[in-house]
S.K.: 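Quick one: the structure is below, and I'll ask about it shortly.
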Amino acid sequence: MGQQLTLDSFMVESRRKKRRTSRRTGKLKIAKKDLDLGIVEAKNTGPCYLLSVVYDGKKRKALVKLYDPQTHNIIFWHDNTGHLPYFLTDLPPDKVQEIDKIVNHPSFDHVEVVEKYDLLKDTKVHMTKIVMKEPRSVGTVREYVPKAWEAHIKYFNNYIYDMRLIPGMLYKIENGILKEVKVEIPKEIAKHVEKLFDVEDYEFKELVKEWLPLFQLPPPKLKRLALDIEVYTATRNRIPDPREAEEKIISVSLVGSDGLKRVLLLHRKDIEFGHKPLEYPENVEIEIFDSERQLIAEVFTVINSYPILLTFNGDNFDLPYLYYRAKRLGFNEKHIPIIIAEEGARLKKGIHIDLYRFFNNKAIQVYAFGGRYKEFTLDAIASALLGYSKVVIEAVASDLMLSELASYNFRDAQLTLNLTTFNDDLVMKLIILLMRISRLSMDELTRHAVSHWIKNMLYWIHRKNNYLIPLAEDIMAEKGEAVTEAVIKGKKYAGAIVVKPPAGVYFNVVVMDFASLYPSIIKKWNLSYETVNCSHSDCRSNVIPETKHWVCRRRKGITALITGLLRDFRVKIYKKAAKNKALGESERAWYDIVQQAMKVFINASYGVFGASTFPLYCPPAAESVTAIGRYAIKSTISKAQEIGLKVLYGDTDSLFLHNPPEDKIKELERWVEEELGLEIEVDKVYRYVAFSGRKKNYIGIYPDGSVDVKGLVGKKRNTPEFVKKAFYSVLEALGKVKSHEEFEKVKNLIREIVKESYNKLRNRELTLDELAFKVFLSKNVEEYVKTVPQHVRAAKMLKEVGFDVRKGDVIMFVKVRSKYGVKPVQLAKISEIDVNKYVENIESTFEQLLDALNIEFKEIMGISKLEAFF
DNA sequence: GCGGACTGCTTACCT
DNA sequence: ACAGGTAAGCAGTCCGCG
């Protein structure tokens with residue numbers, strides 16, 4: 001055990017307990033308790049939340065990991081139903097029996113005939129089920145039959161489907177048997193839901209009953225531990241390779257949701273503890289270890305005492321480093337609680353969540369957090385979501401005094417934990433809900449993207465209904481390619497329509513919007529991979545506008561059903577419940593998370609069918625959605641004009657109307673509902689809108705003076721800070737404008753601001769940071785083979801002097817007067833700045849604004865080009 | 001050998 | 001590894017120019 005030092009007693013050197021371990025031999029006696037993972041395998045339990053299903057290779061069984069909300073511990077349950085891995089083929093069983101490589105395979109168990117429903121053919125089929133003893137052999141044996149179905153599904157997911165398990169829901173073990181715990185739905189809620197849905201359709205009614213518990217069952221309070229490690233680095237800007245794990249682990253911070261706060265430091269003879277820095281963490285146990293081995297052993301003990309471990313980039317760094325470092329120091333495999341797998345670092349006992357991977361998920365970033373963070377560093381995400389961030393250090397972690405290292409390291413673990421605790425555990429609750437909807441275990445859900453979630457959800461439903469899960473090649477052969485042509489070169493089919501807006505200022509603009517247009521289309525038009533261009537000849541007359549596709553009249557499409565269900569749940573129940581003041585605050589907050597989780601699935605439901613990597617990829621289904629979307633907005637614009645409304649602009653699902661009378665709005669709403677079966681509603685009202693004349697480019701001012709900026713370069717991330725500042729001060733002035741006459745003041749302001757910026761530039765009164773272009777490096781530097789853009793040029797310069805630059809980094813560079821025209825800020829001097837380039841930048845940024853106000857540079861500055869100042 | 005016209009690549013945005 | 005559409009800046013290429 002490391003010595004515990006509280007804040008007020010960190011007289012380190014003198015008090016440090018010497019722990020002489022047998023360093024010479026490198027062997028260390030590990031206490032018996034270190035071997036014990038503390039795993040509980042009970043015959044009977046109370047209700048527990050299902051967190052994960054994995055395959056236990058030693059026992060050759062599925063292993064279910066449950067979370068006991070009473071003890072906050074993990075409970076293991078091994079399958080005892082005799083479930084085995086398998087796949088399907090259309091080869092008759094006697095033919096399979098003739099294939100020696102299959103029947104003589106050591107893992108072969110037996111074959112049997114099963115009946116399935118083939119949605120592509122809309123008919124029952126008989127398939128041969130080839131059952132194996134061990135999951136990995138499925139990958140081998142599937143090659144011995146001409147055609148294999150359901151052979152690429154991971155065993156643990158197959159297990160979840162076959163047992164109809166729903167991760168995140170309650171189960172209990174009764175006499176050794178895993179049983180679902182029924183969720184009691186209060187009568188008034190059940191009635192309320194039934195009334196709001198008002199369904200006559202039996203299938204839909206049953207679905208509502210089935211899905212309701214997933215949204216009503218309260219989430220568990222999950223006990224968890226955040227971990228962050230610091231490793232010695234000899235050279236600056238080099239990230240140590242975890243597979244080598246050559247350098248010492250010098251500090252490990254552990255922060256628990258139960259209040260645990262520990263920093264385990266490694267004593268190094270040349271590094272002092274030093275003075276307590278400003279950011280020194282209070283109430284933290286600081287322990288100093290002489291032996292790195294003992295430090296790691298202690299970390300492992302703590303990891304095993306928590307059901308859930310949180311890291312930030314632990315899949316690729318912290319956990320592999322701990323693992324390989326432990327091995328290097330002579331740990332026996334069985335004393336290491338970590339498993340290094342292909343898809344990430346897992347724990348033998350609990351669940352490891354790598355928050356870097358979770359927040360990197362585009363659906364999470366965009367739909368769950370509204371794009372509030374734009375970079376995927378702990379610093380950026382914490383700043384955006386928590387409002388505070390990392391401890392600023394002047395040197396490399398290795399060079400810090402121990403007290404500073406502790407502060408720095410502790411903060412990272414604390415931020416990691418707090419990313420899951422803010423807003424009353426929002427992230428953990430969201431994860432649980434997404435698990436329930438997708439039917440994915442916690443470790444899979446947090447590591448995969450939304451297409452994986454949707455795939456898994458649909459596979460689960462296929463299996464439940466005994467539908468054959470189709471092969472991508474069969475969908476393709478049956479349904480074919482897209483028939484429309486995209487506007488953008490290289491895209492597969494046509495997308496949405498954007499109406500070109502007139503340049504200028506328009507007062508009193510009402511924006512109308514189709515309520516979740518694409519999901520509504522999917523529902524209304526019964527779109528799904530199996531219903532578009534179905535096999536029935538009598539459905540061919542049910543044509544999709546703008547295409548030659550048709551859609552099924554006989555059978556309800558599986559995606560239409562599920563997307564529609566989630567959409568209805570969200571719109572009719574949970575969005576309303578989240579705002580219902582009659583409910584308690586925490587209940588409302590939960591319903592808000594429920595509707596957000598649904599939004600993620602609903603919004604991605606169209607896109608996945610147009611993604612070639614999606615296993616149910618179906619271009620005709622995807623292009624049918626956009627085609628109907630184009631038809632809907634076009635016909636609505638026509639109708640609007642017909643009844644005398646002035647349509648200024650529209651993009652995909654929105655209409656900007658100039659001075660619309662209330663009754664005409666109502667009339668349009670009615671027409672859309674009656675003629676198109678869709679919902680259109682007033683989304684927002686602007687006091688005025690300033691269009692620059694470009695598509696996707698305007699400024700909208702609300703009645704209260706707040707401002708919406710869309711697409712203007714002034715708001716773009718890569719615009720230099722000083723230009724942005726100038727731009728935003730003009731926007732502020734625009735917020736105060738109430739009539740056409742008042743734009744005169746704004747013109748004066750623009751003149752002043754532009755002149756001021758110009759003077760600052762000429763006198764070099766700006767810092768390099770303010771002048772920097774910040775551009776995202778989407779690939780590693782070597783991968784830019786077609787062209788070398790400026791930010792890549794700057795990145796190359798950084799690499800040359802030893803910086804670690806890789807994809808995902810944001811490169812900061814300035815424009816200079818030299819051969820390449822750019823330099824990274826780290827290497828540039830203010831004197832070499834190319835002022836002309838910046839003047840051009842100011843000009844083009846303000847040009848969009850001036851276009852909207854219908855003025856020219858000449859008019860405002862008295863000269864045609866700013867450069868004329870020179 | 002230089003520069004304008006053009007195309008293609010890249011990023012960041014909008015829905 | 002959800003989609004397509006738009007704007008902007010720059011890299012690279014082609015071609016004219018006695």
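Within every chain, numbering begins at 1; the chains are lettered A, B, ... in the order of the sequence lines, protein sequences first and strands thereafter. As the structure is a computational prediction, the values presented were derived from the model and not from experiment.
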S.K.: Just to be sure I understand the rule, does A:Tyr493 reach a base, reach only the sugar-phosphate, or reach nothing, if contact means heavy atoms closer than 4.0 Å?
M.R.: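 Sugar-phosphate, backbone atoms only, no base.
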
S.K.: If I take atom CG in residue A:Leu517 and atom P in nucleotide C:dG4, what distance separates them, rounded to the nearest angstrom?
M.R.: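 That distance rounds to 16 Å.
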
S.K.: Rounded to the Å, how far apart are A:Lys807 NZ and C:dA1 C1'?
M.R.: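 Between C1' of C:dA1 and NZ of A:Lys807: 11 Å.
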
S.K.: How close or far is atom P of C:dC2 from atom CE of A:Met457, stated in whole angstroms?
M.R.: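 Rounded to the whole Å, the gap is 14 Å.
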
S.K.: State whether A:Arg694 places a side-chain N or O below 4.0 Å from either non-bridging phosphate oxygen (OP1 or OP2) of C:dA8.
M.R.: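 For A:Arg694, the contact criterion (side-chain N or O under 4.0 Å from OP1 or OP2 of C:dA8) is met.
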
S.K.: Is any side-chain N of the basic residue among A:Lys799 and A:Glu782 closer than 4.0 Å to the acidic one's carboxylate O?
M.R.: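 Salt bridge between A:Lys799 and A:Glu782, a charged N being under 4.0 Å from a carboxylate O: yes.
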
S.K.: Quickly work out the A:Lys492 NZ to C:dG5 P distance and round it to whole Å.
M.R.: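 Between P of C:dG5 and NZ of A:Lys492: 12 Å.
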
S.K.: Going 5' to 3' along nucleotides 9-15 of chain B, which nucleotides have protein heavy atoms under 4.0 Å from the base (write B), which only from the sugar-phosphate (write S), and which from neither (write -)?
M.R.: SSSBSBS

S.K.: For this output row, return yes or no: ring centroids of A:Phe773 and A:Tyr838 closer than 6.0 angstrom.
M.R.: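 Yes, ring centres under 6.0 Å apart.
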
S.K.: Using a heavy-atom cut-off of 4.0 Å across all strands, would you classify A:Thr613 as base, sugar-phosphate, or nothing?
M.R.: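 The answer is base, as A:Thr613 lies within the cut-off (heavy atoms under 4.0 Å) of a base atom.
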
S.K.: Does the side chain of A:Tyr161 come under 3.5 Å of the side chain of A:Asn456 through a donor N or O and an acceptor N or O?
M.R.: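 Checked: A:Tyr161/A:Asn456 side chains pair up, N/O donor to acceptor below 3.5 Å.
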
S.K.: Can you measure A:Ile522 atom CD1 to C:dA3 atom C1' for me and round it to whole angstrom units?
M.R.: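 So the two atoms are 11 Å apart, to the nearest Å.
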
S.K.: A:Ala494 near the nucleic acid: base, sugar-phosphate alone, or nothing, with a heavy-atom cut-off under 4.0 Å?
M.R.: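 Since only primed, P, OP1 and OP2 atoms lie under 4.0 Å of A:Ala494, the category is sugar-phosphate.
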
S.K.: Considering every strand and a 4.0 Å limit on heavy-atom distances, what is the contact class for A:Gly607: base, sugar-phosphate, or nothing?
M.R.: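 Answer is base: heavy atoms of A:Gly607 come under 4.0 Å of a base.
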
S.K.: Check ring pair (Phe, Tyr, Trp, His ring centres under 6.0 Å) between A:Tyr493 and all other residues, then give those that pass, not counting sequence neighbours.
M.R.: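 A:Tyr493 satisfies ring pair (Phe, Tyr, Trp, His ring centres under 6.0 Å) with no other residue.
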
S.K.: Quick one: A:Ile628 CD1 to C:dG4 C1', roughly how many Å, whole number?
M.R.: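 Whole-Å distance recorded here is 16 Å.
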
S.K.: Suppose we call two aromatic rings close when their centres sit under 6.0 Å apart. Are A:Phe656 and A:Tyr698 close by that rule?
M.R.: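 Ring centroids of A:Phe656 and A:Tyr698 are less than 6.0 Å from each other.
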
S.K.: Under 4.0 Å from OP1 or OP2 of B:dG8: is there any side-chain N or O of A:Lys489 that close?
M.R.: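 Affirmative; the distance criterion is met.
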
S.K.: For A:Ala486, report the nucleic acid contact type (base, sugar-phosphate, nothing); a contact means any heavy atom under 4.0 Å.
M.R.: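 Sugar-phosphate contact only.
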
S.K.: Is the distance between the ring centroids of A:Phe614 and A:Phe609 under 6.0 Å?
M.R.: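 Centroid distance A:Phe609-A:Phe614: below 6.0 Å, so yes.
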
S.K.: For A:Lys837, report the nucleic acid contact type (base, sugar-phosphate, nothing); a contact means any heavy atom under 4.0 Å.
M.R.: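 Result for A:Lys837 = nothing.
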
S.K.: If you go through the side-chain atoms of A:Tyr617, does one of them form a donor-acceptor pair with the base of C:dC2 closer than 3.5 Å?
M.R.: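 It does not, because no donor-acceptor pair links the side chain of A:Tyr617 to the base of C:dC2 below 3.5 Å.
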
S.K.: Rounded to the Å, how far apart are A:Ile633 CD1 and C:dG5 C1'?
M.R.: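 Answer to the nearest Å: 13 Å.
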
S.K.: Quick one: is C:dG9 close enough that its OP1 or OP2 comes under 4.0 Å of any side-chain N or O from A:Ser844?
M.R.: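 Yes, such a contact exists.
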
S.K.: Calculate the interatomic distance between A:Asn841 atom CG and C:dA8 atom P; express it in whole Å.
M.R.: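 Going from A:Asn841 (CG) to C:dA8 (P), I get 12 Å.
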
S.K.: Base, sugar-phosphate or nothing for A:Ser605? Non-hydrogen atoms, less than 4.0 Å.
M.R.: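 Contact class for A:Ser605: none.
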
S.K.: Is any side-chain N or O of A:Lys815 closer than 4.0 Å to OP1 or OP2 of C:dC10?
M.R.: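 Answer is yes, contact under 4.0 Å.
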
S.K.: Check for me whether the distance between the ring centres of A:Tyr702 and A:Tyr686 falls short of 6.0 Å.
M.R.: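 Aromatic pair counts; centres sit under 6.0 Å.
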
S.K.: Ignoring hydrogens and geometry, is there a side-chain-to-backbone donor-acceptor pair from A:Lys491 to A:Ala486 under 3.5 Å?
M.R.: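 Not a single qualifying donor-acceptor pair exists.
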
S.K.: Closer to the 5' end of DNA chain C via nearest nucleotide, is it A:Thr626 or A:Lys500?
M.R.: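 That would be A:Thr626.
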
